[in-house]
Amino acid sequence: MEMENEVEIPAHFLCPISLQLMRDPVTVSTGITYDRESIEEWLFSYKHNTCPVTKQVLSSDTDLIPNHTLRRLIQAWCTLNASYGIERIPTPKPPVDKIQIAKLITEAKKFPHMQFTCLQRLRSIALESERNRNCLESSVAVEFLVSIMKKNINQDHDKNVSDEVLSILYHLKLSETKLKSLVRNDEQFFDSFVEVLKNGNYRCRAYAIMLLKSIFEVADPANLISLKQEIIGEIVNVLRDQISHQASKAALKLLVEICPWGRNRIKTVQGGGVGLLIELLLEVKERRECELILVLLDQLCGCAEGRAELICHGAGIAIVSKKILRVSHAASDRAVKILSSICRFSATLRVLQEMLQVGVVSKLCLVLQVDSSSKAKDRTREILRLHSRVWRHSPCIPPHLVSSYPS
């Protein structure tokens, strides 16, 4: 390989993975030397456990031994070729290890006034590399961070401290095993999230909702069934406040995850979820977000309380109908399913007349004429047959759609 100005780079100065000049050469147990950043990406980001060159399996607690001789040779070569514009690579800092992390945490516990500085240092470590994040997770750092969160419940809520703690926990991208261990039989852990969601600043609340999403995706059913009304209400409030697009989408996905369990649908309805979702549906433009809202509305309409809220909202039935054939097949299927729940379980004469007047029945007839999924068409036929006595001969249905009405 040659560089500009034909300055040849010695082959042993190159990283075997990425073919770039090594900056921090390290040797693995197979005796092959790699650039630290590249081999750590291979091991920690891509989750490989083999040596890229020899294909031999590396130990789970892989030690990357600095190759100081090669690093000095590279630095000397850079110095010799400085006239060609090549900069000398700096001597790398030694990587963080569990001993250093434990020392930081011990200082924070012993000297409370140093706690915030310690947290800032931990966040800096977490953001540096995937290797550092794995090191933090396998140390006592996560338990220390959780203890600070729980301690904040019983004291004056320090928003700066909570911000740092949640930022670190979010950026660690904890493994499924670690996430499960955090919530197992620990009700106070969830109480600390309620406190943050209720009183934290916008960034704090955004980190909390995204972290909760990761936790509930792997949580045991027992944790999901026993959720308190308060935490579900605060999740709805995050969605209502529109803190950020990322936080709003995380809140939607979180509610979709928890609503099928226990009485969570009713708790979401009691928290004002149905009315909020309808208002969001009136404004949403992104396809995926619209689909998530319809999925959640479908879940909430699985209970009488949810259907009642949708019917009572002046725009509820109309906006659900409007999304049919306008967003995606998935959105149309969900919207038809919502209308099916209304028509099967909550179809008063007033509701049926409203569906005629706002064009729901015409839209359903149109579903039978166009390229829709078989499930959507089957549900549509069922709805139209169920209330054919009220709808079939109504002047509200355009003549060209009457022929589509199932006999």
Side-chain angles (χ1 to χ4, degrees), residues 104-105 108-109 111-128 133 136 141-174 179 182-183 186-217 219 227-258 267-268 271-273 276-277 279-280 283-284 286 289 292:
L104 263 177
I105 292 170
K109 289 179 178 178
F111 307 106
H113 65 280
M114 294 181 63
Q115 185 182 84
F116 188 69
T117 303
C118 169
L119 291 173
Q120 289 180 314
R121 175 64 183 135
L122 288 175
R123 181 161 66 91
S124 176
I125 291 170
L127 293 174
E128 278 178 9
R133 289 189 281 276
L136 283 166
V142 175
E143 288 73 17
F144 169 65
L145 295 169
V146 171
S147 70
I148 293 176
M149 280 189 65
K150 293 192 288 190
K151 189 177 179 182
N152 260 3
I153 302 174
N154 305 316
Q155 298 179 352
D156 291 336
H157 185 67
D158 190 330
K159 296 178 182 179
N160 290 328
V161 168
S162 293
D163 198 355
E164 287 296 323
V165 168
L166 288 165
S167 174
I168 297 166
L169 288 173
Y170 171 71
H171 286 105
L172 283 179
K173 306 297 181 188
L174 298 172
L179 287 170
L182 292 181
V183 300
D186 194 348
E187 190 174 301
Q188 197 178 21
F189 182 64
F190 288 119
D191 290 341
S192 66
F193 275 95
V194 172
E195 183 65 31
V196 171
L197 291 173
K198 188 182 294 183
N199 298 313
N201 57 39
Y202 272 15
R203 190 168 74 155
C204 228
R205 294 170 72 199
Y207 281 138
I209 208 72
M210 290 185 285
L211 190 55
L212 273 176
K213 173 183 166 291
S214 299
I215 290 170
F216 285 138
E217 283 175 346
L227 287 178
K228 295 179 179 178
Q229 170 73 58
E230 196 174 13
I231 193 166
I232 294 177
E234 292 304 327
I235 295 169
V236 172
N237 285 336
V238 168
L239 191 57
R240 179 178 287 110
D241 293 343
Q242 294 289 287
I243 293 170
S244 70
H245 182 70
Q246 190 179 10
S248 295
K249 190 171 280 191
L252 281 172
K253 290 179 179 178
L254 180 51
L255 289 169
V256 167
E257 188 73 38
I258 65 178
K267 292 172 184 175
T268 303
L276 174 60
L277 292 172
E279 297 296 330
L280 292 175
E283 301 175 359
V284 68
E286 186 187 300
E289 195 172 354
L292 283 171

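Along the sequence shown, residues carry numbers from 1. Keep in mind that what you see is a predicted model, and the values were worked out from it rather than measured.
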Taking Lys150 first and then Asp191, would you say they form a salt bridge - that is, a charged N and a carboxylate O separated by under 4.0 Å?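 Looking at Asp191 together with Lys150, the answer is no, because their closest N to O distance does not fall below 4.0 Å.
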Are [X] and [Y] side-chain neighbours, meaning at least one heavy-atom pair lies under 4.5 Å?
X      : Y      : answer
Ile243 : Ile209 : no
Val238 : Ser248 : no
Leu197 : Asn237 : no
Ser192 : Gln188 : no
Leu280 : Leu239 : yes
Asp241 : Arg205 : yes
Met210 : Leu254 : no
Thr117 : Phe111 : no

What is the distance from atom [atom1] of [X] to atom [atom2] of [Y], rounded to the nearest 0.5 Å?
X      : Y      : atom1 : atom2 : result
Leu212 : Leu227 : CG    : CG    : 9.0 Å
Leu119 : Phe144 : CG    : CZ    : 5.5 Å
Ile258 : Ile232 : CD1   : CD1   : 4.5 Å
Glu234 : Asn199 : CD    : CG    : 8.0 Å
Ser214 : Leu172 : OG    : CG    : 11.5 Å
Ile168 : Leu122 : CD1   : CG    : 5.0 Å

Shortest non-hydrogen separation from Val196 to Ala208 and the atoms involved: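 Nearest pair, atom of Val196 first, then Ala208: CG1-CB, 3.9 Å.
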I'd like to know if the side chain of [X] reaches the main chain of [Y], judged simply by a donor and an acceptor atom lying under 3.5 Å from each other, with no hydrogens or angles considered.
X      : Y      : value
Ser167 : Glu164 : no
Asn201 : Arg203 : yes
Gln115 : Ala108 : no

Can you sort out the partners of Arg133 under side-chain hydrogen bond (donor to acceptor under 3.5 Å, both in side chains), two or more places apart, ordered by chain and number?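 Glu130.
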Among all residues two or more places apart in sequence or in another chain, which pass the side-chain hydrogen bond (donor to acceptor under 3.5 Å, both in side chains) test with Lys213? Glu217
side-chain contact (heavy atoms from CB on, under 4.5 Å) between Val146 and Val165, worked out: CA-CA 8 Å; Val146 171; Val165 168; over 6 Å; no
According to salt bridge (Lys or Arg N to Asp or Glu O under 4.0 Å), who are the partners of [X], at least two apart in sequence or on a separate chain?
X      : answer
Lys198 : Glu230
Glu279 : none
Arg240 : none

Show, in sequence, the C-alpha distance, side-chain angles and deciding distance for Arg123 and Leu127, and conclude whether the side-chain contact (heavy atoms from CB on, under 4.5 Å) test is met. CA-CA 6 Å; Arg123 181 161 66 91; Leu127 293 174; 4.1 Å; yes
Give the C-alpha distance, both sets of side-chain angles, the deciding distance and a yes or no for side-chain contact (heavy atoms from CB on, under 4.5 Å) between His245 and Glu289. CA-CA 10 Å; His245 182 70; Glu289 195 172 354; 3.3 Å; yes
Can Val142 and Leu136 be said to form a side-chain contact (heavy atoms from CB on, under 4.5 Å), step by step? CA-CA 7 Å; Val142 175; Leu136 283 166; 5.9 Å; no
Under the ring-ring contact (aromatic ring centres under 6.0 Å, His included) test, residues paired with Tyr207 that sit two or more places apart: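 Here the qualifying residues are Tyr170, His171.
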